[in-house]
Amino acid sequence: METEQQLHVDLGNLMAFDPHHHFPSLPSSREDLVKECLDQGTKLVQAIADKLFNLPSTEDVDGPIVKLPPPTTRLPREKHLPKPKPPTKWELFAKARGIKKRKKDKIEYDEKTGTWKRHYGYDHANDDDNVPIIDAKMTDEPGEDPFAKRRSDKMKRVEKQEKNRVQNLKQAAKAGALPSHVQLAATALPITGTQAVAKKMTKHELGNVAGLAATATASGGKFDKKLPGEKPAKHKGKHRKFLPAVEGTGIGSQEKEQTDKVLNKLLSKNSHEILNVNKAINMYNVKKEKHRRNKPEKSSASSSKLKPKKKLQKKPLNKGSSKKGKTK
């Protein structure tokens, strides 16, 4: 009990430590030091377990569940406190005019369709772009397309908003209070106003990038126009070559050769189980014998062509025909 009272247990952080612990004598070896640390660690873990099982618990499918009390030990932060973010132009303007931010509903009633839709985004309520007819005004210029004007005005508003966002990032970078999601990009992008100098690319790196860009087309830059003084790309892209679908005598026969290679490779692994060696030898001998027999016939036929042809004799006519000739 005395040892348990000396230990400080913080159940909120599941942590325990002994402030009065000290070594009676320095350990003579590393093994003794490890053994002493394991003994003290076992005592601390046992003290945490005893405290946990004394808390009121509720039964669950996975077992008893306890609610931990709030932590009593203040642990130090890993990172420094974030700096306050400087106010934007709109926040300064709203503060000067006394404009208070009010929360808007995510959905609103669409008068055209008679349904509730989102306030912004795709297919939002009261969308000006979905208006089939726009009423003409006295201030409209003749011959001007009102739909094109709406689109151009929207693009200008988006560009202005993006410009304001970049300006706000510059002000935050000067104050050292950039948001965490843009801190990494701020070191490489000069638009955020950081003092980090952009890395200068060497001549070799620029040549590599230019070569990759020149061969990034489907033809590998073969049909692209060359600039005056432009050197051929060193890194030519490799493109896959497919065999023709129709079999032929040239390249078309390669597909058959490839399939034959694959089949031979598969059959060679289990050739002792699939191939009958005796039968194969017999078939080979029979085929060779047939081939040998056909060879002299071809040679005799060719030699007969060189011999002089015999004189052709007229065949005797039939008996009836000879009698008729004599009677005549």
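The model shown is predicted, which means the values in this text are computed figures rather than measured ones.
We find the NZ-NZ distance between Lys160 and Lys156 to be 11.5 Å, quoted to the nearest 0.5 Å. To the nearest 0.5 angstrom, Gln171 atom CD is 10.5 Å from Leu169 atom CG. Atoms NE2 and NZ, on His119 and Lys104 in that order, are 4.0 Å from each other to the nearest 0.5 Å. Distance check: Trp90 CH2 to Asn164 CG gives 11.5 Å after rounding to the nearest 0.5 Å. One finds the CG atom of Leu68 at 9.5 Å from the CG atom of Asn13 (value rounded to the nearest 0.5 Å). With values rounded to the nearest 0.5 angstrom, Glu91 atom CD is found 8.0 Å from Asn168 atom CG.
Under the 3.5 Å distance criterion, with hydrogens and angles disregarded, a donor-acceptor pair is assigned to the side chains of Gln46 and Asp50.
The only member of Asp127, Ile107, Asp123, Asn126 that meets side-chain contact (heavy atoms from CB on, under 4.5 Å) when paired with Lys117 is Asp123. Remark: of the listed residues Asp140, Ile134, Asp135, Asp140 is the sole one forming a side-chain contact (heavy atoms from CB on, under 4.5 Å) with Lys137.
Taking every heavy atom of both residues into account, Tyr109 and Gly114 meet most closely at OH-CA, 3.3 Å. Residues Pro86 and Ala172 approach most closely at CG-CA, 3.7 Å, considering heavy atoms. In terms of heavy-atom proximity, Val66 sits nearest to Leu52 at CG1-O, 4.1 Å.
By the 6.0 Å contact criterion, CZ on Arg77 is enclosed, its count of non-hydrogen atoms from other residues, nucleotides or ligands being greater than 12. No more than 12 heavy-atom neighbours from other residues, nucleotides or ligands sit within 6.0 angstrom of OH on Tyr120. Applying the 6.0 Å contact sphere to CD of Glu111 captures no more than 12 heavy atoms from other residues, nucleotides or ligands. Other residues, nucleotides and ligands contribute only 12 or fewer heavy atoms inside 6.0 Å of the NZ atom of Lys95.
Residues Lys51 and Leu55 form no side-chain contact, since every pair of their non-hydrogen atoms from C-beta on lies 4.5 Å or further apart. Between Leu44 and Ile48 there is no side-chain heavy-atom pair separated by less than 4.5 Å. The shortest side-chain heavy-atom distance between His8 and Thr73 does not fall under the 4.5 Å cut-off.
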* Would you please test Asp10 and Thr72 for side chain to side chain donor-acceptor pair (under 3.5 Å) and show each step? => CA-CA 6 Å; Asp10 183 7; Thr72 57; 3.3 Å; yes

* With side-chain contact (heavy atoms from CB on, under 4.5 Å) as the test, would you mind laying out the steps for Asp32 and Glu36 before giving the verdict? => CA-CA 6 Å; Asp32 297 340; Glu36 181 70 21; over 6 Å; no

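A salt bridge between Lys261 and Glu257 is absent, with no side-chain N of the basic residue lying under 4.0 Å from a carboxylate O of the acidic one.
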